[in-house]
Amino acid sequence: MKTIIWYQNDLRVDDHLPLEEALRYDDPIEGHFFISPKQLVENRFGVIPLGNERLHFLKESLEDVAGSLDALGIPFFVHVGHPLETLDPNDRLLFQRAVGYNERRREEEVMKKWKGEYETFGGFTLFEEDDIPFEKMPFLFTEFRKAVEYDVRPRELVSRKATAATRDVTFPFPFQEIEKDPRTAFPFKGGELAAKRRLNDYLSVPIRTYKETRNGFGVDDSTKLSAYLANGSLSPRRVFFELEAHERTHGVNESTYWLYFELLWREFFQWVALEQGKRLFRTQGIRSKRKDWRVDADVIEKWRRGETGIDFVDAFMRELNATGWMSNRGRQIVANYFAKELEQDWRYGAAYFESKLIDYDVASNYGNWAYQAGVGNDSRNRRFNIERQQFTYDPDGAFRNRWL
């Protein structure tokens, strides 16, 4: 019998409970990662979910974790297909549970037909399910934050260092390497080593002014940790405890608190997604709010290409298309414009982000899009004034000039 670690969005060896459990046994260990075939073909929103930028970052991350596992004597395999098509259901199976509805449904299919031992673990969220003090998640973030920010502490993590070696990973389908655009605000590689390096570098100096710079468009204006959290190269617990260590040495200020605040926003959307399941993807959202959304193919295509004629929106969209990255401020602006000004079905915008963003995370992406569209966790029908946003965040036009 073998012990199988089914990797999903947990591409690391640090703070990885399935790995630690696997090492307790004397059986041979294998790591496996599965790409759903549906991620590689065009969906009903006209996009391929696992787009080139995401795929390139994923490959770097897989090669990194493959090298770390290889140093432990654990082979690592990448497949396209369903786990039940490849794995022996008589083996021991260990995996960290996902958050997304489709991912959970696949897990349920596997567990239902698994004949051997299996065990599941947490790790994608900062807190465990037993830590969340609600029978039903509150509708508003503020209520969630006030209940957990001082009273709930993450479980202690098990530290394990990644190796500096990588191992080539072969995708069982054509893969085209891409070069980073030199204008990108995300010049970092994928993988746990790059994640740890970025976390350490950011907590050395830039963190001290995070609250003031977080809406900027430069490399160090924000943490750039979201991509590593999204595919699990970095655990949210690791970020929390490293942030605490920084505060013990350098003191607490508004910016260090604000990073914790942002971790709680991520946490909120994860638990909302788990509770809402399929409802998160409905046109009326989790609020069951009926709206007369439009689906105008030419309007959507111009928005995607950055050809709306609204310079600030177009600059952000061209940045996304060229790099797979966009600032948080940019995401709010272009999503709000898509839903409120163009009045297009918000799911088409969310699906495009899913295809393009290297830090795509199902809960954060669809939760934030629904929020901006007025069908999510927001009691207000907020509408952005693009001209005011432009004056506030790009008064000299430097960002627009870079991309237009």
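Computed from heavy atoms alone, side chains included, the values below leave out hydrogens, waters and symmetry copies.
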- request: Kindly indicate whether a cation-pi arrangement holds for Arg331 with Phe384, taking the cut-offs as under 6.0 Å to the six-membered ring centre and within 45° of the axis.
  value: no

Is the ring pair [X]/[Y] parallel, tilted or perpendicular, if the boundaries are 30 and 60 degrees?
X	Y	result
Trp303	Phe353	parallel
Phe269	Tyr371	perpendicular
Tyr228	Phe186	tilted
Phe76	Tyr7	perpendicular

Between [X] (side chain only) and [Y] (backbone N and O only), is there a donor and an acceptor less than 3.5 Å apart?
X	Y	value
Arg54	Pro49	yes
Asn321	Met317	yes
Arg198	Thr223	yes
Thr392	Arg388	yes
Arg329	Tyr393	no
Ser68	Thr163	yes
Asn336	Arg382	yes

Please determine if [X] and [Y] form a salt bridge, counting it only when a charged side-chain N lies under 4.0 Å from a carboxylate O.
X	Y	answer
Arg145	Glu267	no
Glu20	Arg160	yes
Arg92	Asp27	yes

Using a cut-off of 6.0 Å, state whether more than 12 heavy atoms not belonging to [X] lie near its atom [atom1].
X	atom1	answer
Asp396	CG	yes
Arg153	CZ	yes
Lys189	NZ	no
Glu129	CD	no

message: I need the single residue from Lys161, Lys196, Arg155, Arg238 that forms a salt bridge (charged side-chain N to carboxylate O under 4.0 Å, His left out) with Asp15. Which is it?
response: Arg155

- prompt: Will you find, in the side chains of Gln270 and Thr125, an N or O donor that is under 3.5 Å from an N or O acceptor?
  reply: no

task: Among Phe134, Phe141, Phe261, find the residue that satisfies the ring-ring contact (aromatic ring centres under 6.0 Å, His included) test when tested with Phe268.
output: Phe141

